[in-house]
Each structure stands twice: as C-alpha cells, then as structure tokens.
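Notes for the one structure printed next.
From a predicted model like this one, the values you see are computed outputs, not experimental measurements.
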Amino acid sequence: MSHNTQMIEEYEVNPNTMIIKPLAYGLKVYSQIWELDDEVNSPFKPIDIIKSSCKYFGSSYEGRKEGTRQLTGITHKAPITIDPTNFIYFFPTASPNNPECIWIALDHINYFKRAENAHTQVVFKNKQSFIIPVSYTTLNNQVLRTALLKTTLIRRIEDSERKALHFVNGSKIMNASERTGAYQ
C-alpha cells in the first residue's frame with residue numbers, strides 16, 4: 001500500500017467510483033478504491049462497501065439483487081444498481097463471497113481486451129487500466145448482463161415518465177382492464 005494513499009473509514013460509492021478491489025492487508029481484506037482522479041483505501045471488504053452504499057441510497061444489497069432478478073432474471077454473480085438516479089451500476093468479477101471478487105462500475109469502462117494468463121485488461125474512460133484476474137469471456141458476459149440491467153431499468157423509468165406525462169396533459173389513461181379488453 002503506498003503511504004500517500006488515504007485510508008477512509010466511511011466510503012460510499014459515488015458517480016466517480018470506477019473500481020473497488022480487494023487489498024490483502026495482513027490477514028484482513030481491505031478495499032482499494034479507484035475514482036476518476038483519486039485513489040483511497042478502506043478498512044472494509046469490497047462487498048461491505050457495496051452493501052453500505054446500497055443502504056446509503058435507500059435500499060439493501062439483498063433488495064438490489066432481488067431488483068436485478070425481477071428485471072433481468074439474473075441471480076448468479078448479479079450486477080446491481082447502486083443508485084438508479086445517477087445510473088450507478090456495478091458488477092462483480094466473481095462470486096461476491098469470493099475474497100478475490102472485484103466490483104467494477106459499468107459506465108466508466110472504455111474497453112477491455114485479452115491479457116496474458118487468461119486475464120483481461122480493463123481500460124477506463126480516464127485512460128487508467130487494470131489487469132483483472134478473470135477471462136475475457138467472463139468479463140464480457142458481466143458487462144453485457146450489467147448493460148441489460150441498465151437498459152431494462154431505464155426503459156421502465158421512461159415508460160413510467162411517459163405515463164405521468166399523459167396524466168399531466170389531461171389525456172385519459174386507460175386502466176388495466178380497458179387495456180386488456182376485459183370489460184368490453
């Protein structure tokens with residue numbers, strides 16, 4: 001750990017958070033967090049930061065995972081929405097219970113490519129890059145699944161805004177039974 005890196009007790013994921021990596025510190029697992037233009041360490045494990053960030057934005061990690069399941073059907077190594085208003089979506093590179101698991105923010109990724117030893121190089125939009133110890137196929141799959149979660153949620157939000165707009169404009173919104181033609 002470089003001595004100039006700040007150790008932060010309280011850390012919430014925010015729109016600048018790019019990646020949360022496990023950091024072996026003696027027998028403990030800490031977190032190394034890279035933001036767009038900063039690097040901080042936390043004495044908590046990555047999964048604990050993810051969990052407290054979900055709480056900070058008014059949900060629980062379990063609730064967010066259930067939301068992913070409802071929207072996409074994904075249950076294993078599930079990507080999650082940490083803050084839907086700022087479109088903050090993270091995915092785990094492995095099972096979240098795995099101490100090696102890294103959490104990556106979808107929207108900061110510029111591209112990724114195969115690296116040696118079946119690893120993958122992830123290049124972020126700020127040009128920083130990391131070698132992630134998972135295969136290209138695994139990482140690509142996680143990126144696609146997270147993108148699916150994002151587009152599905154955005155579509156839901158847009159549908160709901162459109163309905164609200166209709167209502168404001170005074171045009172009648174059909175109720176569910178009229179839509180399905182149940183009472184004709």
Side-chain angles (χ1 to χ4, degrees), residues 1-2 5 7-14 16-35 38-57 59-84 87-124 128-150 152-153:
M1 185 181 337
S2 56
T5 306
M7 179 69 79
I8 297 190
E9 286 285 333
E10 293 279 315
Y11 184 83
E12 266 80 39
V13 164
N14 64 70
N16 290 321
T17 314
M18 299 190 310
I19 187 170
I20 305 170
K21 299 159 52 164
L23 179 67
Y25 194 74
L27 295 173
K28 293 196 168 76
V29 176
Y30 282 6
S31 290
Q32 184 177 44
I33 302 149
W34 290 83
E35 292 192 342
D38 203 11
E39 179 202 338
V40 296
N41 292 329
S42 159
F44 295 100
K45 297 196 289 262
I47 186 64
D48 294 332
I49 290 178
I50 291 291
K51 285 179 174 174
S52 67
S53 298
C54 288
K55 289 207 175 80
Y56 183 80
F57 290 108
S59 183
S60 67
Y61 173 64
E62 295 307 322
R64 291 294 190 214
K65 275 198 334 191
E66 174 59 21
T68 297
R69 192 184 70 76
Q70 293 284 346
L71 289 165
T72 63
I74 297 167
T75 55
H76 182 61
K77 293 197 290 194
I80 57 164
T81 313
I82 290 183
D83 171 17
F87 301 113
I88 301 177
Y89 299 88
F90 271 74
F91 63 86
T93 57
S95 161
N97 306 325
N98 181 334
E100 305 282 293
C101 178
I102 296 167
W103 288 84
I104 302 176
L106 176 70
D107 285 0
H108 283 294
I109 297 175
N110 190 11
Y111 65 93
F112 49 94
K113 59 184 185 189
R114 288 181 171 81
E116 285 175 20
N117 307 325
H119 287 13
T120 308
Q121 182 184 10
V122 177
V123 180
F124 290 96
Q128 261 184 304
S129 83
F130 294 100
I131 302 290
I132 307 292
V134 298
S135 73
Y136 180 89
T137 309
T138 297
L139 194 92
N140 191 43
N141 192 30
Q142 286 301 83
V143 166
L144 291 174
R145 287 154 40 114
T146 313
L148 172 68
L149 171 63
K150 180 182 175 179
T152 308
L153 190 57

inquiry  = If only side-chain N and O atoms count, and only distance matters, is there a donor-acceptor pair under 3.5 Å linking Tyr11 with Thr17?
reply    = yes
task = Indicate yes or no for a side-chain donor-acceptor contact from Asn98 to the backbone of Glu100 under 3.5 Å, with no hydrogens or angles considered.
result = yes
ask   = Can Phe44 and Tyr30 be said to form a ring-ring contact (aromatic ring centres under 6.0 Å, His included), step by step?
value = CA-CA 5 Å; Phe44 295 100; Tyr30 282 6; 8.5 Å; no
query = What do the steps show when you test Val13 against Ile33 for side chain to side chain contact (heavy atoms under 4.5 Å, CB included), and what is the final call?
reply = CA-CA 9 Å; Val13 164; Ile33 302 149; over 6 Å; no
ask   = Judged by atom type as modelled, is there a donor-acceptor pair below 3.5 Å linking the side chain of Thr81 to the main-chain atoms of Pro84?
value = no
task = Report yes if some heavy atom in the side chain of Pro79 is under 4.5 Å from a heavy atom in the side chain of Thr68; otherwise report no.
result = yes
Contact check, side chains of His119 and Arg114, non-hydrogen atoms, under 4.5 Å = no
key: Heavy-atom neighbours of Phe57 CZ exceed 12 at 6.0 Å   = yes
request  = Assess whether ring-ring contact (aromatic ring centres under 6.0 Å, His included) is satisfied between Phe130 and Trp34, documenting all intermediate values.
outcome  = CA-CA 10 Å; Phe130 294 100; Trp34 290 83; 5.2 Å; yes
task = Measure the shortest side-chain to side-chain distance between Val123 and Phe112 over non-hydrogen atoms and say whether it is less than 4.5 angstrom.
result = no
ask   = Going by atom types only, do Gln121 and Ser129 share a side-chain donor-acceptor pair under 3.5 Å?
value = yes
message = Heavy-atom count check: over 12 atoms from other residues, nucleotides or ligands less than 6.0 Å from Lys21 NZ?
response = yes
